[in-house]
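Before any comments, here is the structure.
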Amino acid sequence: ETCCKKFNTELYKIKGLKMYELNESEMTFTVYYNPKKTNLTIIKDKIVSILTPAFEALSNGHHHFTKELGEAIITDIKNC
């Protein structure tokens, strides 16, 4: 299973998540959800739980993607 497919599969397990959009050129991630069924904290926690292992694996074998960069991205997600 590819990283993107796994991300989609896991993210859409959140009840109330309608869709998301990733804009790579603007580096933005927009989620559309039903606030009666979920909230941003749940969505952010799920994103972090999906990305953390992927970032750890990347940082072990890729000289441009460090563990610190992965941690910085995770911190940004939690704080947005």
Side-chain angles (χ1 to χ4, degrees):
E1 186 172 39
T2 66
C3 183
C4 292
K5 186 172 180 168
K6 179 178 171 118
F7 186 81
N8 283 333
T9 301
E10 291 299 315
L11 198 60
Y12 281 114
K13 287 182 180 178
I14 299 171
K15 293 186 188 319
L17 182 74
K18 295 179 179 180
M19 66 177 283
Y20 71 88
E21 295 174 347
L22 174 63
N23 185 324
E24 291 182 36
S25 64
E26 294 183 19
M27 295 176 55
T28 59
F29 188 83
T30 305
V31 293
Y32 301 90
Y33 65 97
N34 181 340
K36 293 179 181 178
K37 295 183 178 182
T38 193
N39 60 56
L40 283 177
T41 300
I42 291 170
I43 294 168
K44 288 191 283 185
D45 288 348
K46 186 65 167 182
I47 292 169
V48 167
S49 75
I50 297 166
L51 293 180
T52 298
F55 286 173
E56 288 174 2
L58 268 175
S59 67
N60 287 333
H62 196 284
H63 63 281
H64 291 294
F65 192 95
T66 63
K67 183 174 177 136
E68 290 78 18
L69 176 58
E71 289 172 353
I73 293 168
I74 295 300
T75 298
D76 284 349
I77 292 168
K78 289 179 180 177
N79 293 331
C80 68

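Hydrogens, waters and symmetry mates play no part in the numbers below; they use all other heavy atoms, side chains included.
- Rounding to the nearest 0.5 Å gives a distance of 9.0 Å between OH of Tyr20 and CD1 of Ile47.
- Between Ile42 and Leu17, every side-chain heavy-atom pair lies at or beyond the 4.5 Å cut-off.
- Taking CG from Asp45 and CD1 from Ile50, the interatomic distance works out to 11.0 Å, rounded to the nearest 0.5 Å.
- Taking every heavy atom of both residues into account, Lys46 and Glu10 meet most closely at CE-O, 3.2 Å.
- Taking both residues in full, the closest heavy atoms of Phe29 and Leu11 are given as CZ-CD2, 4.0 Å, listed atom of the first, atom of the second, then distance.
- Of all heavy-atom pairs spanning Ile14 and Ile43, the tightest one is CD1-CA, 3.9 Å.
- With rounding to the nearest 0.5 angstrom, the NZ atom of Lys15 is 12.5 Å from the CG atom of Asn34.
- The heavy-atom pair separating Met19 from Tyr12 by the smallest distance is CA-OH, 3.3 Å.
- In this structure, OH on Tyr33 lies 3.5 Å from CG on Leu40, to the nearest 0.5 angstrom.
- Rounded to the nearest 0.5 angstrom, Lys44 NZ and Asn39 CG are separated by 9.5 Å.
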